[in-house]
Amino acid sequence: MTKFIGLISAKGGVGKTTTTINLTSALYFFKRNVIALDANFANPDLGIHLGVPNVTKNLHTSLKKKHSIRDSVYKHPSGIKIIPGSVSYKEGRTAARDNLLSVIYELFGTTEAVIIDSTPGLGRDAEAVIHASDCLLIVTTPDMCAVTGSLKMVKLAHELEKEVLGIIVNRKRHDDYEMSEQNIAEFLGKPVIGVIPEEDEIRNSLQTNHPLVISNPNNVASIAFKK
């Protein structure tokens, strides 16, 4: 049975795409069959981060029913499987986002899980991902602004009757202003299931188009993703 897991966030810049890449890589590290899907319709970055910026078959062309989404699955040199989005401005504006649920259902039975990267915020794009997902993970940084926005995401998920599996606290610096994991869990009413430290190696991995979990599995951030 294939599980569709949406990664959502209230604001940009919290590291949702790098979380999608490295969570997928962590599952692959443990021999699980998973696919990372870029459903940030307007600004898809997953393919750019992994060196697949411009392909003819992608999520956007699948949404327009030009071909099966199964034809949009690419195997990265690291071994992970990805479905990138189109970097075209026009494609982003005209994306048939309402088709997402029916299109990605074509992946059912072909993989154990699809990890879906979404557009940040509370708009229509994020709602399309939430509708298409079986369950959700909320990615936030440990500052009050991001955590407060995450509470809105929790409420939106409840309104749409979707389960929030937990919170991933990303880019942890251990600064005085940061909220503790306990306070974040209490504030959002959801468990914190992962804490990822801010690491220069994560940024370096983006420059080499290779997931940190695969290229440097013993890095503290890689270990955190695997946990």
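Please read these numbers as outputs of a predicted model, since none were measured by experiment.
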Distance-only, no hydrogens or angles: does the Arg97 side chain make a donor-acceptor pair with backbone N or O of Ala95 under 3.5 Å?
-> yes
Is it true that atom CZ of Phe108 has more than 12 heavy atoms of other residues, nucleotides or ligands lying nearer than 6.0 Å?
-> yes
Side chain to side chain, Phe4 and Leu37, heavy atoms closer than 4.5 Å = no
Side-chain heavy-atom pair Ile69, Tyr105 within 4.5 angstrom cut-off | no
All heavy atoms of Thr111 vs all of Val34, minimum pair found to be OG1-CA, 3.4 Å
Ring pair (Phe, Tyr, Trp, His ring centres under 6.0 Å): which pairs involve residues 40-92, sequence neighbours left out?
-> His76-His210
Correct closest heavy-atom pair for Thr110 and Thr2 would be N-OG1, 4.1 Å
Mind checking whether Val114 and Leu100 sit in one hydrophobic cluster, side chains of I, L, V, M, F, W, Y counted as touching below 4.5 Å?
-> yes
Output the distance between atom CE (Met153) and atom CG (Leu137), rounded to the nearest 0.5 Å.
-> 12.0 Å
Under the 3.5 angstrom rule, does the side chain of Asp38 hit a backbone N or O of Asn40 as a donor-acceptor pair?
-> yes
Stepwise salt bridge (Lys or Arg N to Asp or Glu O under 4.0 Å) test for Arg173 and Glu198 = CA-CA 6 Å; Arg173 296 173 180 266; Glu198 178 81 328; 3.1 Å; yes
Can you name the nearest heavy-atom pair linking Gly47 to Pro84, along with the distance?
-> CA-CB, 4.1 Å
Here the gap from Asn99 atom CG to Ser102 atom OG, rounded to the nearest 0.5 Å, amounts to 5.0 Å
Say whether, by atom type as modelled, one donor and one acceptor occur between the side chain of Ser133 and the main chain of Leu136 under 3.5 angstrom.
-> no
Roughly how far, to the nearest 0.5 Å, is the CD1 atom of Ile5 from the CG atom of Leu23?
-> 7.5 Å
same_hphob_cluster(Val154, Leu156) at 4.5 Å side-chain heavy-atom cutoff | yes
Nearest heavy-atom neighbours spanning Glu181 and Val192 | O-CG2, 3.6 Å
Where Arg70 and Glu106 come nearest, the two heavy atoms and their spacing = NE-O, 2.7 Å
Hey, is NZ on Lys64 packed in by over 12 heavy atoms from elsewhere, all under 6.0 Å?
-> yes
salt_bridge(Asp98, Arg124) N-O dist < 4.0 Å | yes
With the 4.5 Å side-chain cut-off for hydrophobic clustering, are Val129 and Leu165 part of the same group?
-> no
Identify every side-chain donor-acceptor pair in residues 219-227 under 3.5 Å, counting partners at least two apart or on other chains, and give the distances.
unit_1	atom_1	unit_2	atom_2	d
Asn219	OD1	Ala221	N	2.8
Asn219	ND2	Glu199	OE1	2.9
Ser222	OG	Leu212	O	3.3
Ser222	OG	Asn216	O	2.7
Lys226	NZ	Pro217	O	2.9

Should we count CG of Asn54 as having more than 12 external heavy atoms under 6.0 Å?
-> no
For the residue pair Leu122 and Glu127, what are the closest heavy atoms and their distance?
-> O-OE2, 4.0 Å
For the hydrophobic clusters of this structure (ILVMFWY residues joined by side-chain heavy atoms under 4.5 Å, transitively), does one cluster hold both Leu107 and Val55?
-> no
Would you kindly confirm whether Ile168 and Leu27 end up in one hydrophobic cluster when ILVMFWY residues are joined by side chain heavy atoms under 4.5 Å apart?
-> yes
Modelled atom types, side-chain donor and acceptor of Ser215 and Ser205, under 3.5 Å | no
Straight-line distance of Asn170 CG to Leu7 CG, nearest 0.5 Å = 10.0 Å
Separation of Ile8 CD1 from Thr140 OG1 (nearest 0.5 Å) | 11.0 Å
Donor-acceptor side-chain pairing of Asp45 and Thr17 below 3.5 angstrom | no
Pairwise distance CD1(Ile193) to CD1(Ile167) - rounded to 0.5 angstrom | 8.5 Å
